[in-house]
Visitor: 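Before I ask anything, here is the structure I am working with.
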Amino acid sequence: MAASEFGKRIGRAVRERIKRRKSSVLHEALWHDPFMAASTRAIAQRIPLVDLIVHVTDARIPLSSQCHLLRKYQTSSNQIIALNKADLASRSALQVWMDYFSEMNCISCGVNAHNKDSIRQNFSCRQFLSLIQRQVGKLKRTDHANKFTATVMLIGIPNVGKSALANALHQVGRISAAEKGKLKHATVSPEPGETKDIRSYKIASHPNIYVLDTPAVLSPKVPDIDVLSKLLLTGAIGDCLAERKETAQYFLAIHNSSGQYKKWAKLSNKDSDWVFLNSATECSTTSGLRMKQKNQIHTDHTQDDVVQVVRRTLYETVSSFEGNIRCEVEMEALIARQFTALQEVFHVFTESEEDAHVMVAGKLLNLFRTGRLGHYIFDNLPRNTH
């Protein structure tokens, strides 16, 4: 399929850039730097000492986002696979993956640690904490000490949400225990590799359970091009490793090949969003409101009205395309048409068409990575399963 060809293309580009920079300082910053090597050793030394391991992965790439340090602990009874960012993944496909892990004798759970709702309403994190407590309870029954304190270590590659999960568990645990005192917060960033040391957070009492948030680690060995392309697309590795436009083209190739756009067919019959975008400033009766609306339209691509028009544009460009999207050349033609259409939707106007496309790509990737353009799982189940 054309989408896989786009993935291979961008994967090769990333791999080649890493190879070219292998002996330079930039290579260290882009892939496996000395700090990450030291973190890997420190984490590996602590793995045998903790009571429970939480292997944090990205639910959109359950295999590609797995950490190399935990391969030999794959079916360990003291490991839980946390499929984080579950709200960004296809719900039905995620359940298939959880069934697969169950067949492999692995405990897994979908979780959304980045939920913007009140932590009291974050059911997935409360459910996940309950799972941890049940697993710790099994350990407690085999421990003859009068006082039992369990340590849970979060391990994962960059930008899968370890720190966000540590924060959520810490807050949920304190609310459940009604404990007073100052909350600690792990640093959370959309940029990969933000956590720099191992930190401890209390998440439960009776028994006491502490979670260790650890720095992100990558394998010293650069993965194959298929995995690289998925890590780049989901933001696990920095956008500096490839041209942003190429990454956005890869996303559009996947989107156009899926049936995701069909869900937005009803938007094609509505013109309210387009009218709003083009006439909002004209409807204003005061210059202050008019300026506010104009700024909103031209700069904020995350507004619901703008997102609706983006969805409709993607639907209409794909559904009206008469070419063969399985053909790489024709897919490229469709994507070029979509970039042109989205440039107008996002109100991006520059003298350089290439600069405009880079800006469009950035806005498009932001909407995709925040779940505004559908829910996806990019990994396929291993072939020896159903």
Side-chain angles (χ1 to χ4, degrees), residues 18 27-59 61-85 101 106-109 111 113 128-129 131-132 135-136 139 149-170 173 184-189 191-204 208-223 227-228 231 234-238:
I18 292 173
H27 169 256
E28 294 179 350
L30 290 180
W31 191 251
H32 194 78
D33 60 16
F35 170 78
M36 188 174 288
S39 298
T40 301
R41 291 192 296 271
I43 294 170
Q45 290 170 358
R46 285 170 173 78
I47 287 177
L49 306 178
V50 299
D51 300 292
L52 194 65
I53 297 168
V54 172
H55 186 180
V56 186
T57 63
D58 188 321
I61 46 174
L63 282 184
S64 298
S65 61
Q66 289 190 351
C67 179
H68 70 289
L69 276 177
L70 298 176
R71 283 179 187 148
K72 63 180 179 180
Y73 301 97
Q74 197 72 28
T75 59
S76 174
S77 59
N78 72 331
Q79 179 185 168
I80 300 174
I81 299 175
L83 297 159
N84 197 22
K85 306 185 183 182
F101 285 127
C106 298
I107 303 169
S108 66
C109 182
V111 64
F128 190 66
L129 178 57
L131 174 59
I132 290 176
Q135 293 304 113
V136 167
L139 298 173
T149 297
T151 305
V152 179
M153 179 179 275
L154 306 184
I155 301 177
I157 68 170
N159 216 19
V160 290
K162 295 182 302 301
S163 295
L165 184 56
N167 281 336
L169 292 172
H170 179 49
K184 295 194 295 183
H185 293 279
T187 302
V188 177
S189 170
E191 297 300 321
E194 194 64 31
T195 303
K196 300 300 182 184
D197 53 14
I198 298 176
R199 298 182 181 180
S200 173
Y201 303 86
K202 188 175 182 180
I203 62 173
N208 292 326
I209 304 176
Y210 291 84
V211 65
L212 301 179
D213 182 26
T214 64
V217 291
L218 289 166
S219 170
K221 182 181 179 181
V222 180
V227 172
L228 275 175
L231 294 178
T234 55
I237 56 177

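Each residue takes its place number in the sequence, starting with 1.
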Visitor: Which pair of heavy atoms, one from S64 and one from L231, lies closest together, and at what distance?
Guide: O-CD2, 3.6 Å

Visitor: Got a second to check how far I132's CD1 is from I203's CD1, nearest 0.5 Å?
Guide: 4.5 Å

Visitor: What are the two closest non-hydrogen atoms of N159 and A236, and how far apart are they?
Guide: CB-CA, 3.9 Å

Visitor: Step by step, work out the side chain to side chain contact (heavy atoms under 4.5 Å, CB included) result for V54 and V211.
Guide: CA-CA 9 Å; V54 172; V211 65; over 6 Å; no

Visitor: For N84 and V56, indicate whether the former's side chain and the latter's backbone hold a donor-acceptor pair under 3.5 Å.
Guide: no

Visitor: Is there a donor-acceptor contact under 3.5 Å from the side chain of H170 to the main chain of K202?
Guide: yes

Visitor: May I have the step-by-step check of side chain to side chain contact (heavy atoms under 4.5 Å, CB included) for L228 and I237, ending in yes or no?
Guide: CA-CA 8 Å; L228 275 175; I237 56 177; 4.2 Å; yes

Visitor: How long is the gap from CD1 on I157 to CD1 on I61, to the nearest 0.5 Å?
Guide: 5.5 Å

Visitor: Quick one: does H55's side chain have a donor or acceptor within less than 3.5 Å of a partner on Q66's backbone?
Guide: no

Visitor: Could you go step by step and tell me if L169 and V152 meet the side chain to side chain contact (heavy atoms under 4.5 Å, CB included) rule?
Guide: CA-CA 11 Å; L169 292 172; V152 179; over 6 Å; no

Visitor: Could you point out which residue of I43, D213, L52 forms a side-chain contact (heavy atoms from CB on, under 4.5 Å) with M153?
Guide: I43

Visitor: So how far is it from S65 OG to I81 CD1, rounded to the nearest 0.5 Å?
Guide: 9.5 Å

Visitor: Just by distance, do the side chain of T214 and the backbone of L154 share a donor-acceptor pair under 3.5 Å?
Guide: yes

Visitor: Would you compute the distance between atom CD1 of I107 and atom CG of N78 and round it to the nearest 0.5 angstrom?
Guide: 9.0 Å

Visitor: Which heavy atom of P215 sits nearest to which heavy atom of I198, and what is that distance?
Guide: CD-CG1, 3.8 Å

Visitor: Determine the minimum heavy-atom distance between Q135 and I80, stating which atoms define it.
Guide: CG-CD1, 3.9 Å

Visitor: Which pairs with one or both residues in residues 49-59 pass salt bridge (Lys or Arg N to Asp or Glu O under 4.0 Å), sequence neighbours excluded?
Guide: D58-R60

Visitor: Check for a donor-acceptor pair, side chain of T57 on one end and backbone N or O of A82 on the other, with a separation under 3.5 Å.
Guide: yes

Visitor: Considering only heavy atoms from C-beta outward, does the side chain of P220 approach that of H68 to under 4.5 Å?
Guide: yes

